[in-house]
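Let me begin by presenting the structure, written as structure tokens, before commenting on it.
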Amino acid sequence: MTTPEISVQELEALRNANADFVLLDVRNPDEYAFCNLGGLLIPIAQLPERLNELNLESHIVIHCHAGGRSRRATDYLIGQGFKKVFNLRGGITAWANEIDPKMPKY
């Protein structure tokens, strides 16, 4: 199975269009505190117990630091019946490199 993905440019377009979607950050709280995109923070380890915070019908874009954890989270949500779930290719690092160079990097 190929994990559905979007680019940081596609995410920027969604944000600029005020599209109806959930930006899900699956990093740890300390990473979120360092820099974030304003998304809903649910660390990947807590995702199974916090599924009730997400709507099966929502368009969800998931990100982490570089894309590994968010890819696993995307695959997990698809396995749980979510249909419109996408991994942000390259994570917040790609966002900082390609969209917002002023964002702190770690």
Side-chain angles (χ1 to χ4, degrees):
M1 174 178 92
T2 302
T3 303
E5 293 187 322
I6 69 166
S7 69
V8 291
Q9 291 80 12
E10 290 169 307
L11 174 59
E12 182 182 38
L14 286 172
R15 291 173 71 149
N16 289 341
N18 292 317
D20 184 20
F21 74 100
V22 174
L23 182 59
L24 176 60
D25 189 331
V26 295
R27 298 175 303 148
N28 294 318
D30 60 324
E31 293 173 287
Y32 188 91
F34 185 76
C35 65
N36 67 74
L37 298 173
L40 171 64
L41 176 64
I42 302 179
I44 193 165
Q46 297 175 11
L47 197 52
E49 66 208 41
R50 294 180 62 187
L51 275 181
N52 64 328
E53 295 178 40
L54 302 170
N55 185 323
L56 277 171
E57 304 303 319
S58 292
H59 177 190
I60 303 173
V61 176
I62 306 175
H63 84 86
C64 63
H65 183 216
R69 286 173 285 180
S70 56
R71 180 175 294 109
R72 289 192 307 276
T74 300
D75 292 342
Y76 174 75
L77 289 183
I78 290 169
Q80 297 300 307
F82 289 78
K83 303 287 187 228
K84 297 180 281 187
V85 185
F86 301 86
N87 177 48
L88 181 64
R89 187 171 44 253
I92 201 167
T93 298
W95 181 270
N97 288 335
E98 299 177 38
I99 305 296
D100 185 3
K102 294 178 183 162
M103 177 172 277
K105 297 176 189 171
Y106 64 100

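Nothing fancy with the numbering, it's 1 onward along the sequence. Quick caveat, the model's predicted, so the values are computed rather than measured.
Partners of Gln80 by side chain to side chain donor-acceptor pair (under 3.5 Å), not counting sequence neighbours: none found. Looking at residues two or more places apart in sequence or on another chain, you find a side chain to side chain donor-acceptor pair (under 3.5 Å) between Arg50 and Gln46, Glu53. In terms of the salt bridge (Lys or Arg N to Asp or Glu O under 4.0 Å) criterion, Arg72 has no residue partners (sequence neighbours excluded).
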Review point. Passes side-chain contact (heavy atoms from CB on, under 4.5 Å), Ile6 versus Arg89? Steps please.
Key: CA-CA 6 Å; Ile6 69 166; Arg89 187 171 44 253; over 6 Å; no
**Study point:** Full working for side-chain contact (heavy atoms from CB on, under 4.5 Å) between Leu47 and Arg69
**Key:** CA-CA 11 Å; Leu47 197 52; Arg69 286 173 285 180; over 6 Å; no
**Study point:** Lys83 vs Leu56, side-chain contact (heavy atoms from CB on, under 4.5 Å): CA-CA, chis, key distance, verdict
**Key:** CA-CA 7 Å; Lys83 303 287 187 228; Leu56 277 171; over 6 Å; no
Which atom pairs, one a donor and one an acceptor, fall under 3.5 Å between side chains of residues 38-45 and the rest of the protein, sequence neighbours left out?
none

Name the atoms and distances for all side-chain donor-acceptor pairs under 3.5 Å in residues 99-106, with sequence neighbours left out.
unit_1	atom_1	unit_2	atom_2	d
Asp100	OD1	Lys102	N	3.2
Lys105	NZ	Asn97	OD1	2.7
Tyr106	OH	Arg27	NH1	3.0
Tyr106	OH	Glu31	OE2	2.9

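Rounded to the nearest 0.5 Å, atoms CG (Asn55) and CD1 (Ile60) are 7.5 Å apart. With rounding to the nearest 0.5 Å, the separation of CG in Leu77 from CD1 in Ile62 is 4.5 Å. We find the CG-CG distance between Leu24 and Leu37 to be 11.5 Å, quoted to the nearest 0.5 Å.
Heavy atoms of other residues, nucleotides or ligands lying less than 6.0 angstrom from CG of Asp20 number 12 at most.
Side-chain contact between His63 and Val26 is absent, with no heavy atoms from C-beta onward closer than 4.5 Å.
With Ser70 contributing its side chain and Gly67 its backbone, the two residues share a donor-acceptor pair below 3.5 Å. Without hydrogens or angle criteria, Lys84 side chain to Glu57 main chain gives a donor-acceptor distance under 3.5 Å.
There is a path of hydrophobic side-chain contacts, each under 4.5 Å, that joins Ile78 to Leu54. Residue Tyr32 is not grouped with residue Leu23 when hydrophobic side chains (ILVMFWY) are merged at heavy-atom distances under 4.5 angstrom, including chains of intermediate members.
Residue pairs satisfying the ring-ring contact (aromatic ring centres under 6.0 Å, His included) criterion with at least one member in residues 72-105, sequence neighbours excluded, are listed as follows: His59-Phe86.
Of all the heavy atoms in Val8 and Gly91, the pair that sits closest is CG1-O, 4.1 Å.
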